[in-house]
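What you see below is based on every heavy atom in this structure, not just the backbone, and it leaves out hydrogens, waters and symmetry mates. So that the names make sense, note that chain A is the first sequence line, chain B the second, and so on, each numbered from 1.
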Amino acid sequence: MNIFVGGLPFKVDESELREIFEKYGELTSVKLIIDKQSGRSKGFGFVEMADDEAGQQAISALDGTELYGRTIGVRVSEDKKPDKRY
DNA sequence: GGTGAGCGA
């Protein structure tokens, strides 16, 4: 399941994001959005978990919690691509 | 820099 993660401190990277969510289940994908203008984190990212129930638990456990002094927001992500058929 | 939505195989 795809998960949106916002409110991240600009100091975290994909490796840290992965470690955080891996505590609740196996991850299949981790994407931390990097601003190409500055090369730094945009403060949010996406995490895909192998198990849907584990993803729900991760959202419930991590949403509203603090990370490096910042309160993060974790939500379910619908899709990253509109459509790829034609 | 802040409540945010990814762009590559």
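Contacts between residues 4-21 of chain A and DNA chain B, defined by a heavy-atom separation below 4.0 Å, involve A/F4, A/G6, A/G7, A/L8, A/F10, listed by number.
B/dG4 takes the syn form, because its glycosidic angle lies no more than 90° either side of 0.
Here A/V76 lies in heavy-atom contact (under 4.0 Å) with a base. Base contact: A/F46 has a heavy atom under 4.0 Å from a base atom.
Rounded to a whole Å, the CG atom of A/L27 is 16 Å from the C1' atom of B/dG6. We find that NZ of A/K42 is positioned 10 Å from C1' of B/dC7, with the value rounded to whole Å. A straight line from CZ of A/R70 to P of B/dG4 spans 17 Å, rounded to a whole angstrom. Atom CG of A/L32 and atom C1' of B/dG4 are 13 Å apart (whole Å). Put simply, OH on A/Y68 is 19 Å from C1' on B/dG1, counting in whole angstrom units. Going from atom CG of A/L62 over to atom P of B/dT3 covers 20 Å, rounded to whole Å. Atoms CD (A/E48) and C1' (B/dA9) sit 13 Å apart, rounded to a whole Å. Put simply, CZ on A/R40 is 24 Å from P on B/dG4, counting in whole angstrom units.
With sequence neighbours left out, A/T65 forms a side chain to side chain donor-acceptor pair (under 3.5 Å) with no residue at all.
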*Apply side chain to side chain contact (heavy atoms under 4.5 Å, CB included) to A/L32 and A/I34, showing your working.*
CA-CA 6 Å; A/L32 193 273; A/I34 303 298; 3.4 Å; yes
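A/L62 is listed as a side-chain neighbour of A/F21, based on a closest heavy-atom distance under 4.5 Å. Looking only at side-chain heavy atoms (C-beta outward), A/L17 and A/L8 come within less than 4.5 Å of each other.
Within 6.0 Å of CZ in A/R18 there are more than 12 heavy atoms belonging to other residues, nucleotides or ligands.
Residue pairs meeting the ring pair (Phe, Tyr, Trp, His ring centres under 6.0 Å) criterion with at least one partner in residues 22-44 of chain A, sequence neighbours excluded, are A/F4-A/F44.
Nearest-nucleotide assignment on DNA chain B puts the 5′-proximal partner with A/R75, out of A/R75 and A/K31. Residue order along DNA chain B, read from the 5' end via each residue's closest nucleotide, puts A/D35 first among A/F44 and A/D35.
Here the side chain of A/S38 is nearest to one of B/dG1, B/dA5, B/dG4, namely B/dG1.
No side-chain donor-acceptor contact under 3.5 Å links A/D51 to the backbone of A/E53.
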